[in-house]
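So the structure is just underneath, and the comments pick up after that.
Order of the sequence lines sets the chain letters (A, B, ...), proteins ahead of strands, with each chain counted from 1.
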There are 2 protein chains.
Amino acid sequence: MGTLKYAILGLLNRNAMTGYELSKEFETTLFEFWNAKHSQIYPELKSLNAAGLIEYHVEITGNVLEKKVYTITDEGRRDFLSWEETLCPIQTATKDESRLRLFFLDSASSDFRLQFLEDQRQQHQAHLTHLLENQQKFDTVPPKEARAFSDYLVLRGAVLREEAALSWIEECLQLANQRKSNSASQKNRA
Amino acid sequence: MGTLKYAILGLLNRNAMTGYELSKEFETTLFEFWNAKHSQIYPELKSLNAAGLIEYHVEITGNVLEKKVYTITDEGRRDFLSWEETLCPIQTATKDESRLRLFFLDSASSDFRLQFLEDQRQQHQAHLTHLLENQQKFDTVPPKEARAFSDYLVLRGAVLREEAALSWIEECLQLANQRKSNSASQKNRA
DNA sequence: CAGCCCATGTAATTGGTTACATGATTTT
DNA sequence: AAAATCATGTAACCAATTACATGGGCTG
């Protein structure tokens, strides 16, 4: 899809940045829905530069350490906007190892089943708590064209998704427990 | 991670199957949380066979058409179970182009913003409807050790996730509409 | 001066998709 | 007879992670 390209152009469309700063931005801000390591970013910057979509100038930190501050070009901005202003299909399929394991969970022992679900529950709980802490940093919905508005929206998305994941696991636990007390009376299965 | 390996072993642990049937299984049953094309499956089967985790015998369909029916070996079963009976981290990050686009949506025109959100809303709505139709096929929660129990659980997971996604988009739409009427009175921004 | 962060790259490998390639069987 | 589906594979390419490799700058 070449999505990394547009993630980078999008970030540079906001602020000029070095590859290192882009990498930090992926780790922090975009982490929930996109990520890329520096080993993927630097080559991509090289090719975006070659394509004339971004430029850079070198700045010196201290005495010798060079850093390349990248800026988006007009052509790059046009390219980004033409990507940004297109519709896109929602994600109906996504690789999720937890769900795969859960799908096969009937081949595991009944003890492990509960242990697995309980562990998943706790992890989701912890992650949700963390997200809610971030959400509380917004005392109010960020206004207008504020940069933080997007941050708020994607954070809300993460919160709602995580709440749903937690509800789901709790539903699974409940059904698994039901099953356990049922099957106690008929343990003589294959 | 080598997850494909365990997805295949897990399926073969249920039933003996050909590569073609595995491929269909990925397309239908596992699709929501794992997928693999035949071009990835056939080489994987080759290497699992070489590792002694699966075996096959050849069956003839019609006059000449050969198909390889794969069976899991004892060693394969042990390997699968040792994977299956381990805890795993929840997914806190997943690449999602829709969310990325939404994150950058402030660089788009206000008209397009609403168009994008409305389109996403409709897509989520349609997908949810489809999932709920599948859910109705279960008149009751499948019992005990029934194969369908896992199917039911992952379907419930998909339903809850999709409901959350829809709620989120609706919240975004609401906020975006608010913003529009607000910003009408102060359109003189940079 | 040690340890951590800043800063930039490349190489090797894995995971995954798309395209290439072939041919039999069944259904309409 | 054509079209859809069954059936199996390989090749080329793209995306992404892990590891390799180097060195400066800042803080305690």
Numerically ordered, the residues 2-25 of chain B set in heavy-atom contact under 4.0 Å with DNA chain D is B:Thr18, B:Gly19, B:Tyr20, B:Lys24

Quick check: on DNA chain D, is the nucleotide nearest B:Tyr70 upstream (toward 5') of the one nearest A:Thr61, or the reverse? Name the residue that is more 5'. B:Tyr70

Mapping B:Leu45 and A:Met1 to their closest nucleotides on DNA chain D, which lands nearer the 5' end? B:Leu45

Rounded distance (Å) that lies between atom P of D:dT8 and atom CD of B:Gln40: 17 Å

The reported gap from CZ in B:Arg101 to CZ in B:Arg113 (rounded to nearest 0.5 angstrom) is 15.5 Å

D:dA16 OP1/OP2 closer than 4.0 Å to side-chain N/O of B:Lys95: yes

Rounded to the nearest 0.5 angstrom, the CD1-CD distance for A:Ile90 and B:Glu97 is 13.0 Å

Send over the distance from B:Leu65 CG to C:dT25 P, rounded to a whole Å. 6 Å

Give one of base, sugar-phosphate or nothing for A:Asn63, where a contact means two heavy atoms less than 4.0 Å apart. sugar-phosphate

State, yes or no, whether a side-chain contact exists between A:Ile54 and A:Thr71 at a heavy-atom distance under 4.5 Å. no

Give the rounded distance in Å between these two atoms: CG of A:Asn35 and P of D:dT17. 7 Å

Integer-rounded Å distance: C:dT8 C1' and A:His57 NE2: 16 Å

Lys/Arg cation over aromatic B:Trp168: B:Arg99, 6.0 Å, 45° cone: yes

Side-chain N or O of A:Lys37 versus OP1/OP2 of D:dT18: is the shortest distance under 4.0 Å? yes

In whole angstrom, what separates A:Glu66's CD from D:dT22's C1'? 14 Å

Just wondering, do B:Leu128 and B:Glu163 contact through their side chains at under 4.5 Å, heavy atoms? yes

Given D:dA7, is OP1 or OP2 found less than 4.0 Å from the side-chain N or O atoms of B:Lys68? no

How many whole angstroms separate atom CD of A:Glu44 from atom P of D:dA15? 8 Å

Name the closest nucleotide to the B:Ser39 side chain, picking from D:dT10, C:dT8, C:dA11. D:dT10

Round to a whole Å and report the spacing from CD of A:Glu27 to C1' of C:dA7. 13 Å

Gap separating the CZ atom of A:Phe138 from the CG atom of A:Asp151, nearest 0.5 angstrom: 5.5 Å

Compare all side-chain heavy atoms of A:Gln120 with those of A:Ser98 and state whether any distance is below 4.5 angstrom. yes

For the pair made of NZ in B:Lys67 and P in D:dG9, what is the distance, rounded to whole Å? 14 Å

